Visitor: 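Have a look at this one.
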4 protein chains.
Amino acid sequence: MKRTRLPEDPVKKARMQAAALALFASAGYQATKVDAIAAKAQVSKGLIFKYFGNKEQLYLATLRQAYDRLMAIMDETVWQESDDLVAMVTNATRYKISLQLQYPQEFQLLLNGFIHLKQLPASGRQYVEQMMVANQDLTQRLVLPVFAKMTFKPGITATDALTVLNYVTSGYLEKFQQYLLSHPEVTTVAEMEPLLADLTRYLRIVEYGFVAPD
Amino acid sequence: MKRTRLPEDPVKKARMQAAALALFASAGYQATKVDAIAAKAQVSKGLIFKYFGNKEQLYLATLRQAYDRLMAIMDETVWQESDDLVAMVTNATRYKISLQLQYPQEFQLLLNGFIHLKQLPASGRQYVEQMMVANQDLTQRLVLPVFAKMTFKPGITATDALTVLNYVTSGYLEKFQQYLLSHPEVTTVAEMEPLLADLTRYLRIVEYGFVAPD
Amino acid sequence: MKRTRLPEDPVKKARMQAAALALFASAGYQATKVDAIAAKAQVSKGLIFKYFGNKEQLYLATLRQAYDRLMAIMDETVWQESDDLVAMVTNATRYKISLQLQYPQEFQLLLNGFIHLKQLPASGRQYVEQMMVANQDLTQRLVLPVFAKMTFKPGITATDALTVLNYVTSGYLEKFQQYLLSHPEVTTVAEMEPLLADLTRYLRIVEYGFVAPD
Amino acid sequence: MKRTRLPEDPVKKARMQAAALALFASAGYQATKVDAIAAKAQVSKGLIFKYFGNKEQLYLATLRQAYDRLMAIMDETVWQESDDLVAMVTNATRYKISLQLQYPQEFQLLLNGFIHLKQLPASGRQYVEQMMVANQDLTQRLVLPVFAKMTFKPGITATDALTVLNYVTSGYLEKFQQYLLSHPEVTTVAEMEPLLADLTRYLRIVEYGFVAPD
DNA sequence: GATGAATGAGTCTTCATTCAT
DNA sequence: GATGAATGAAGACTCATTCAT
């Protein structure tokens, strides 16, 4: 009862994917050599091509896997819904940060993916765009219910608020990522709590402004 | 004090830099071929290597030039100071946008530089980081005087406000850049005014929050 | 007398040979991949190497088999002898054509074999040459008795006549083969009869010349 | 006054073409390695690609050059026209033979070209077909005027006669080529005269038949 | 014995860099 | 000094052949 048209060795495939992830994430598409991936995966060059077709498809597969892995986890609604917008977004961000600590390579890969794809056929652009959209959707799904209970200043729409919220949280995450790069010793979310306090203040600013009412 | 004989032809050197800027900015480091730069600059390939040593140095030189050019212009305090924070930041952003329209290649190069530098020796990373810091400084120099006249909510510092302000304006500028990429027909700041209205609302949110006072 | 243990499965071996024949004949030596042969034969790649040693040996074996098969059939003296040279040679050719229709792959293989063998060790050249000679012999065996009853023009030997006869029939067969390639719908000798009429005229020219006696 | 978009070194280019001709002719397309051509031409691999683009185009260029070279020479009407068909065709063949002795590689290449092209994109098939047609045309142009003065046997057309003539001369040339391969010491046409006497007899057979009039 | 996953030498091709002119 | 022809190291990819299971 042979069905296998893909009799791939899952162990080796995993090693290849892991090696590809690590190298693509840290060096980008062009600078990563298939030879290097094969060496890191302790696998022959030929096998990589047998499993993935060519370098580009390997990149795309790596991208997709990183995306899928992150999405799978994010989708588990660990996010406690709440009426407190600041607390909720802070929590969500804390969660994202923990993911970033757990899967730094996947994050790095997807972050750069958007840039590197310019140098690739459009075939893979969708993954990254999907990821962007999914991320946006997630925030929206989370935040909109809370917005529904709030009253906006005249002239300000929910979309405006959401946009600003997004700018702030992504800006924050970006700076956070840089912080991690220069502090590789940090590996737990607990160590990051002081920085998360910053975010809380930032979000409160978005909600109520920084200007003291006179 | 040997001046390492270099009676370089400034006209040709400028052509090389311009060609390098255009190509590196639009295609990135790896995808840009030295041949193409030489052709675009109407200069022999050999001369490029004589003037810049190698491709990487040329990239770094191009990066530095783009940075210097932008900084030189930004430093002219065209920025009208004002007491209205929103108006002022909007103005500053409008100014940045006009720069972006005037020097799209320099902007593009520095934007990607951050990513591509990972694939290069750290020797060049400083340019991009300097640029980031300088940018921050500029905003700070501009905004802090206004902050001085404002009263902050308890628990919120000027740094907090500045940070959020930065997040929002850079997030906005990023989206703006993407808009420009997909609308190459847009070439004047005037055409962008509608979009700038968005920013004004965003900034007002930062200042006063989006939540209506009850 | 060690029979080098080879309890080969004749069914599988036949399938391999058939697959090799089909692929080598249509695509040539280099363009035919061992993988493809194994797949077409529904046999593992390893088995091919166990049975035939390497790709080259497989090619040679295929060549030999094609040769043997054709020779075995040609030897059955289906050829009706006759006193009419033209009728006889036309018949023989008709017979060759029917063989060609029955065994197109074997013909194709041997046809190309002559070319491709240059790229292989001389070890296999003999098959093709043998085939050429055998073919010649066959014609000779058939034609010579008829020649014996004929009177040749002064200065013309039986060998001359035989040679010219051979040139004409092989030239004709070659053109015929090309015709078949571009008309794959033709599968019976009956459909070829019109073309065979050409051959009859050609042979009559060889026998009596094309110049009208004055 | 630079115009050169093809500043190719004619000496090196000639060496490359010569090397390519020799190797392609003797080993065929696939079995000939670009490395080998570069080595034989005493030129770097890169230069071959700069001059010819890729291996296939090099093959095509070689094919075309062989074709052009032969055609250029054949077109010089060295062929003395004559009313004696046999003498004329023999002369023409003698001429072809001298060409074959002078340009054995070109002949070999074009001979195999037809076979090897199957494994190449159709882009080059035209050269070989052109060559075939041109060759046919040449014979026709030469022979038809003579035919015009002749009367054909009833039922035999000029086309028939031409076809048989072609079969015989090409069959002869083919055998001749094989003879040359196994007698590399033969280098002048003079040495071939005995064999040419054969052809004369063959052609006379075509003209008047081999059967003695009773 | 049979399998087909795995290997890696070998191939084409690119392009930064050199150097004779 | 300037040129651009020439180089060859390096990279993606193929496929005959091997060998552990």
Side-chain angles (χ1 to χ4, degrees), chain A residues 2 4-9 11-13 30-38 42-58, chain B residues 5-9 12 30-39 42-58, chain C residues 5-9 12 29-39 42-58, chain D residues 2 4-9 11-13 16 30-38 42-58:
Chain A
K2 273 187 292 185
T4 47
R5 192 72 304 236
L6 288 185
E8 298 171 344
D9 180 336
V11 177
K12 282 187 184 158
K13 183 161 192 179
Q30 300 256 26
T32 298
K33 311 304 169 191
V34 177
D35 274 330
I37 297 175
Q42 302 195 58
V43 149
S44 80
K45 210 188 326 179
L47 204 59
I48 291 185
F49 287 97
K50 185 175 248 167
Y51 276 42
F52 295 96
N54 58 28
K55 188 185 174 183
E56 188 188 322
Q57 300 210 358
L58 172 59
Chain B
R5 51 95 193 98
L6 271 190
E8 298 178 342
D9 179 336
K12 282 185 183 168
Q30 300 255 23
T32 298
K33 311 304 170 195
V34 177
D35 273 298
I37 297 174
Q42 302 194 58
V43 150
S44 81
K45 218 188 320 180
L47 206 58
I48 292 185
F49 285 92
K50 192 162 281 170
Y51 277 35
F52 295 95
N54 61 26
K55 188 183 175 184
E56 189 184 316
Q57 299 282 330
L58 172 59
Chain C
R5 51 96 192 97
L6 271 188
E8 298 178 341
D9 180 335
K12 281 184 182 170
Y29 179 76
Q30 300 255 23
T32 298
K33 311 304 170 196
V34 178
D35 274 299
I37 297 174
Q42 303 193 57
V43 151
S44 81
K45 217 186 322 179
L47 206 57
I48 293 185
F49 285 92
K50 193 163 279 170
Y51 278 34
F52 295 95
N54 60 25
K55 187 184 176 183
E56 190 184 315
Q57 299 283 331
L58 172 58
Chain D
K2 276 187 291 185
T4 48
R5 192 72 303 237
L6 288 184
E8 299 171 344
D9 181 336
V11 177
K12 282 188 183 156
K13 183 161 193 180
M16 294 184 214
Q30 300 256 27
T32 298
K33 312 303 171 192
V34 177
D35 274 333
I37 297 174
Q42 302 194 59
V43 149
S44 81
K45 215 186 323 180
L47 204 59
I48 292 185
F49 286 95
K50 185 175 247 166
Y51 276 42
F52 295 96
N54 60 26
K55 187 184 174 184
E56 188 187 323
Q57 299 211 358
L58 172 58

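Just so it is clear: chains get the letters A, B, ... in the order the sequence lines come, proteins before strands, and each one is counted from 1. Worth saying up front: this structure is predicted, and the values here are computed from it rather than measured.
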Visitor: Which nucleotide, F/dA16, F/dA5, F/dC13, lies nearest any side-chain atom of C/Val34?
Guide: F/dA16
Visitor: Between atom CD in A/Glu8 and atom P in E/dA6, what is the gap in whole Å?
Guide: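 About 9 Å, once rounded to whole Å.
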Visitor: Given that B/Thr32 and C/Gly46 both sit by DNA chain E, which one's nearest nucleotide is further toward the 5' end?
Guide: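 Its nearest nucleotide lies further toward 5', so the answer is C/Gly46.
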Visitor: Report yes if a side-chain nitrogen or oxygen of D/Tyr51 is closer than 4.0 Å to either non-bridging phosphate oxygen (OP1 or OP2) of F/dA6; otherwise report no.
Guide: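 For D/Tyr51, the contact criterion (side-chain N or O under 4.0 Å from OP1 or OP2 of F/dA6) is met.
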Visitor: Using only atom types and a distance under 3.5 Å, with no angle test, would you say the side chain of C/Lys55 pairs donor to acceptor with the backbone of C/Tyr29?
Guide: yes
Visitor: Within this structure, what is the CG-to-P distance between D/Asp35 and F/dA9, rounded to whole angstrom?
Guide: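 Going from CG in D/Asp35 over to P in F/dA9 covers 12 Å.
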Visitor: Find the distance B/Phe49:CZ to E/dC19:P and express it as a whole number of Å.
Guide: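 That distance rounds to 13 Å.
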Visitor: Would you mind telling me which of E/dA6, F/dA2, F/dA6 lies closest to the side-chain atoms of A/Ser44?
Guide: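 Selected nucleotide (nearest to the side chain): E/dA6.
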Visitor: Calculate the interatomic distance between D/Gln30 atom CD and E/dG10 atom P; express it in whole Å.
Guide: 17 Å
Visitor: Identify, between C/Val43 and A/Lys12, the residue whose nearest nucleotide on DNA chain E lies closer to the 5' end.
Guide: C/Val43
Visitor: Judged by each residue's nearest nucleotide on DNA chain F, which is more toward the 5′ side, D/Lys50 or A/Lys50?
Guide: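 The answer here is D/Lys50.
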Visitor: Of the nucleotides F/dA6, F/dA2, E/dA6, which has the atom closest to the A/Asp9 side chain?
Guide: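 Looking only at heavy atoms from C-beta outward on A/Asp9, the closest nucleotide is E/dA6.
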Visitor: Is A/Lys55 near enough to F/dA12 that one of its side-chain N or O atoms lies under 4.0 angstrom from OP1 or OP2?
Guide: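 For F/dA12, OP1 or OP2 has a side-chain N or O of A/Lys55 closer than 4.0 Å.
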Visitor: Of the candidate nucleotides F/dA2, E/dG10, E/dT13, which contains the atom at the shortest distance from the side chain of D/Lys45?
Guide: E/dT13
Visitor: Could you check how far NZ of C/Lys33 sits from C1' of F/dC13, rounded to whole Å?
Guide: 12 Å
Visitor: At their closest point, which heavy atom of D/Val34 faces which heavy atom of D/Phe49, and how far apart are they?
Guide: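 Closest approach of D/Val34 to D/Phe49: CG1-CE1, 3.6 Å.
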Visitor: Give the minimum heavy-atom separation between A/Lys33 and A/Gln30, together with the two atoms involved.
Guide: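 Scanning both residues, the minimum pair turns out to be NZ-O, 3.1 Å.
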Visitor: What heavy-atom pair brings D/Ser44 and D/Ala38 nearest, and what distance separates the two atoms?
Guide: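 Of all heavy-atom pairs spanning D/Ser44 and D/Ala38, the closest is C-CB, 4.1 Å.
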Visitor: Report the distance from atom CG of D/Leu47 to atom C1' of E/dT14, rounded to the nearest whole Å.
Guide: 14 Å
Visitor: Quick one: A/Ile37 CD1 to F/dC13 C1', roughly how many Å, whole number?
Guide: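 For the pair A/Ile37 CD1 and F/dC13 C1', the rounded distance is 14 Å.
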Visitor: Could you walk me through whether D/Asp9 and D/Tyr51 pass the side chain to side chain contact (heavy atoms under 4.5 Å, CB included) check?
Guide: CA-CA 10 Å; D/Asp9 181 336; D/Tyr51 276 42; 3.5 Å; yes
Visitor: Write down the partner of F/dT3 under the Watson-Crick or G-U wobble criteria, each distance required to be under 3.5 Å.
Guide: E/dA20
Visitor: Starting from C1' on F/dA12, measure out to CZ on A/Phe52 and report it in whole angstrom.
Guide: 16 Å
